[in-house]
Student: 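Sharing a structure, written as structure tokens. Questions coming.
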Amino acid sequence: MRFTDILIKKNIVTPETLAKISARSSETGIPLEKLLQTEGVSESVILEAKGEATGVPAKSVSKKEIPFDILKQIPEEAIRHYKFAPLGVRDDVLEVGMVNPDDLEAREALQFIVSKLNLSFRIFLINESDFESILEEYKGLHGEVTKVLGELETALIETAKEPALEDFLKPETKFIEEAPVTKMVAVILKHATAGNASDIHIEPLHDKLKVRFRVDGVLHTSLLLPINVHEAIVSRIKILTNMKLDEKRRPQDGRFGARIEGKDIDFRVSTFPSFWGEKIAIRILDKTKGVKTFEEIGLSEDQIKIIREALKRPYGLILLTGPTGSGKTTTLYAMLQELDKEKNNIISLEDPVEYNIEGINQSQVKPEIGYDFANGLRSILRQDPDMIMVGEIRDKETAALAIQAALTGHLVFSTLHTNNAAGIIPRLVDMGVDPFLIAPTLLLAIAQRLVRTLCPDSRKEIPLTGAVKERIEKEMMDMPPEIKKNFKIPDKIYQGIPSAVCPQGAKGRTGIFEILRKTPELENIILTNPAEPEIMKEARRQNMFTIREEGLVRLFNGAIGFEEFTKL
């Protein structure tokens, strides 16, 4: 049955009217649906009739309902050619809207594309205007870059030769201000910022240029560009950061700022000479997000209480540890925000200054001119400070100066690299700091990690049975009784599933912490036998939850998935 027969059956049009419209459509080439609309038949009625005729469920959609991450699932070229578009992901099924569900070639193409995504799919019938509306959204990242690529190729053809080095260095050069490469870099920065990416990686391969965004700690390929634009993009970024354009054999570092969609964004840039050319990594720092509170970074009520008690102490050392990118600086900023900035002189030494905090004197080290953490710390002590934040303890000299500052009446905050909180003390000893100096100064040793959090509306229940249950029971075997009594193994846990709201099944990250406090018993251990096993015994006596145990708490209450827990 044709959809026109259904319209006649429902008395929406008469057979005579339909015959006239069909004749006009044949004569003029105007689609039958368009002519029906001029006769007062609404687009939604036509869509419903078509769905009934084809047996394919009809769906009205709005481009605003479709996140850009969903649109990226199917290439724009395929969408334009076959007239289908991704609408969302529900229960691991990709929902796809088609203008012509009877098009077998389009269905075969869709089957091929979706099979590579490891998803099944479900087809919905959509009308032409909704399809055009969705197509407008492809003026996003891929659409803009495709257009800019065309402009760049045209510009390179029209330019007899590539601009000389001195041309790049002239700020008034027309090529720099108007060339499509400028727009291309702007498009990449804009969409990385809009997608809440923390980093951009621009990586040359032998035949293409790969652009990846890191979102919630995971890298995703967002663009594949022709390799011939690599030099132009690298040069543009070097100009923004005042790097040397002719230096391609050595790594360089720089930074620049931009205002994107009303937000002041800082970009930290690093170049690295790789086999196929210079690779660029860009760290994105959104100043508008500001400094987070203890609750926002994921600290529990008990942990917040411990930290606030330490912050009231007149002097001492608070140390954070964790891998690069685990949020240590964010936690330090949250602590600084808690201090009385009016009554105290607070000075920080950072590399680099990520966020500006009003009321704190922040300074950035510059090792290339001899202004490193050790020299900077000496200068800070001549500035009459009350509280000092040192971005990182990297060597014996900085460690000794930080300990000395804590001994002489200052509250000192810093970071270093170990696997857990108990490892901080042996690490300081390995650096050459005497245990009798560590014992009276160390107030808190804090270790942390970042994990991706599940979306409440994009998760499914997993019965806690079999190997997964055995693994969790094994995790709990070594727990002290005082800690184990806080755990009750649930019947189910949760795992993220892709959806229109959360295409990756998880969104955002939170911190997981373990905190070791200063006690008389810990001081005695530091003075007599500062080995990690002995320190862990004291941590257990304090009923300290380890990072993995904190992870179990989040797993049991559905905040994180099992995959994230296994990474701790």
Student: Determine whether Y494 and K460 make a side-chain contact, defined as any pair of heavy atoms from C-beta on separated by less than 4.5 Å.
Tutor: no
Student: Any donor-acceptor pair under 3.5 Å linking the side chain of N524 with the backbone of P520?
Tutor: no
Student: Where the side chain of Q303 meets the backbone of F513, is there a donor-acceptor pair that is under 3.5 Å apart?
Tutor: yes
Student: To the nearest 0.5 Å, tell me how far T330 OG1 sits from L450 CG.
Tutor: 7.5 Å
Student: Looking at E563, is its backbone amide N or carbonyl O close enough to the side chain of T566 to form a donor-acceptor pair, meaning the two atoms are under 3.5 Å apart?
Tutor: yes
Student: If a pair satisfies salt bridge (Lys or Arg N to Asp or Glu O under 4.0 Å) and one of its residues is in residues 434-447, list it, with sequence neighbours excluded.
Tutor: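 As it turns out, there is no salt bridge (Lys or Arg N to Asp or Glu O under 4.0 Å) pair with a partner in residues 434-447 once direct neighbours are skipped.
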Student: Which heavy atom of F373 sits nearest a heavy atom of G391, and at what distance?
Tutor: CE2-N, 3.6 Å
Student: Quick check: are there more than 12 heavy atoms from other residues, nucleotides or ligands sitting under 6.0 Å from NZ of K484?
Tutor: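 More than 12 within 6.0 Å, yes.
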Student: I need the full list of ring pair (Phe, Tyr, Trp, His ring centres under 6.0 Å) pairs touching residues 537-568, with sequence neighbours left out, sorted by first then second residue.
Tutor: F487-F545
Student: Determine whether a donor-acceptor pair (N or O, by modelled atom type, separation under 3.5 Å) exists between the side chain of Q252 and the backbone of E247.
Tutor: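 Checking the backbone N and O of E247 against the side chain of Q252, a donor-acceptor pair under 3.5 Å is found.
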Student: Do N345 side-chain atoms and D386 backbone N/O form a donor-acceptor pair below 3.5 Å?
Tutor: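 Not a single qualifying donor-acceptor pair exists.
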Student: Quick one: side chain to side chain contact (heavy atoms under 4.5 Å, CB included) partners of K469, sequence neighbours excluded?
Tutor: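 With neighbours one apart ignored, the set is L464, E473.
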Student: Please indicate whether R427 has more than 12 foreign heavy atoms, meaning atoms of other residues, nucleotides or ligands, lying under 6.0 Å from its CZ.
Tutor: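 Incorrect, the count does not exceed 12.
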Student: Is it the case that T510 and T453 place a side-chain donor and acceptor less than 3.5 Å from each other?
Tutor: no
Student: Donor-acceptor pair, T271 side chain versus E278 backbone, under 3.5 Å?
Tutor: no
Student: Do side-chain atoms of T441 reach the backbone of L407 as a donor and acceptor pair under 3.5 angstrom?
Tutor: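 Here the side-chain-to-backbone pair does not exist.
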Student: Do N420 and E532 meet the criterion of a side-chain donor-acceptor pair at a distance under 3.5 Å?
Tutor: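 A pair is found: one side chain offers a donor N or O, the other an acceptor, under 3.5 Å apart.
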Student: What I'd like to find out is whether the side chain of I393 reaches to under 4.5 Å of the side chain of M431, using heavy atoms alone.
Tutor: yes
Student: List the atom of T293, the atom of A334, and the distance in Å for their closest heavy-atom pair.
Tutor: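 The pair with the smallest heavy-atom distance is C-CB, 4.4 Å.
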Student: Under a 3.5 Å distance rule, please check whether T321 uses its side chain to pair with a backbone N or O of T418 as donor and acceptor.
Tutor: yes
Student: Grab the two heavy atoms, one from F413 and one from L411, that are nearest each other, plus how far apart they are.
Tutor: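 Taking every non-hydrogen atom into account, CZ-CD2, 3.8 Å.
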Student: Between the main-chain N or O of S326 and the side-chain N or O of Q448, is there a donor-acceptor pair closer than 3.5 Å?
Tutor: yes
Student: Could you tell me whether a side-chain N or O of D266 sits under 3.5 Å from a main-chain N or O of L285, the two making a donor and an acceptor?
Tutor: no
Student: Tell me, yes or no, whether the heavy-atom count around R541 atom CZ, taken from other residues, nucleotides or ligands under 6.0 Å, exceeds 12.
Tutor: yes
Student: Counting heavy atoms not belonging to N419, are there more than 12 under 6.0 Å from its CG?
Tutor: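 No, not enclosed.
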Student: In this structure, are over 12 heavy atoms from other groups packed under 6.0 Å from K341 atom NZ?
Tutor: yes
Student: Where is the tightest heavy-atom contact between L336 and M389, given as atom of each residue plus distance?
Tutor: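 Looking at all heavy atoms of both residues, the shortest contact is CD1-CE, 3.9 Å.
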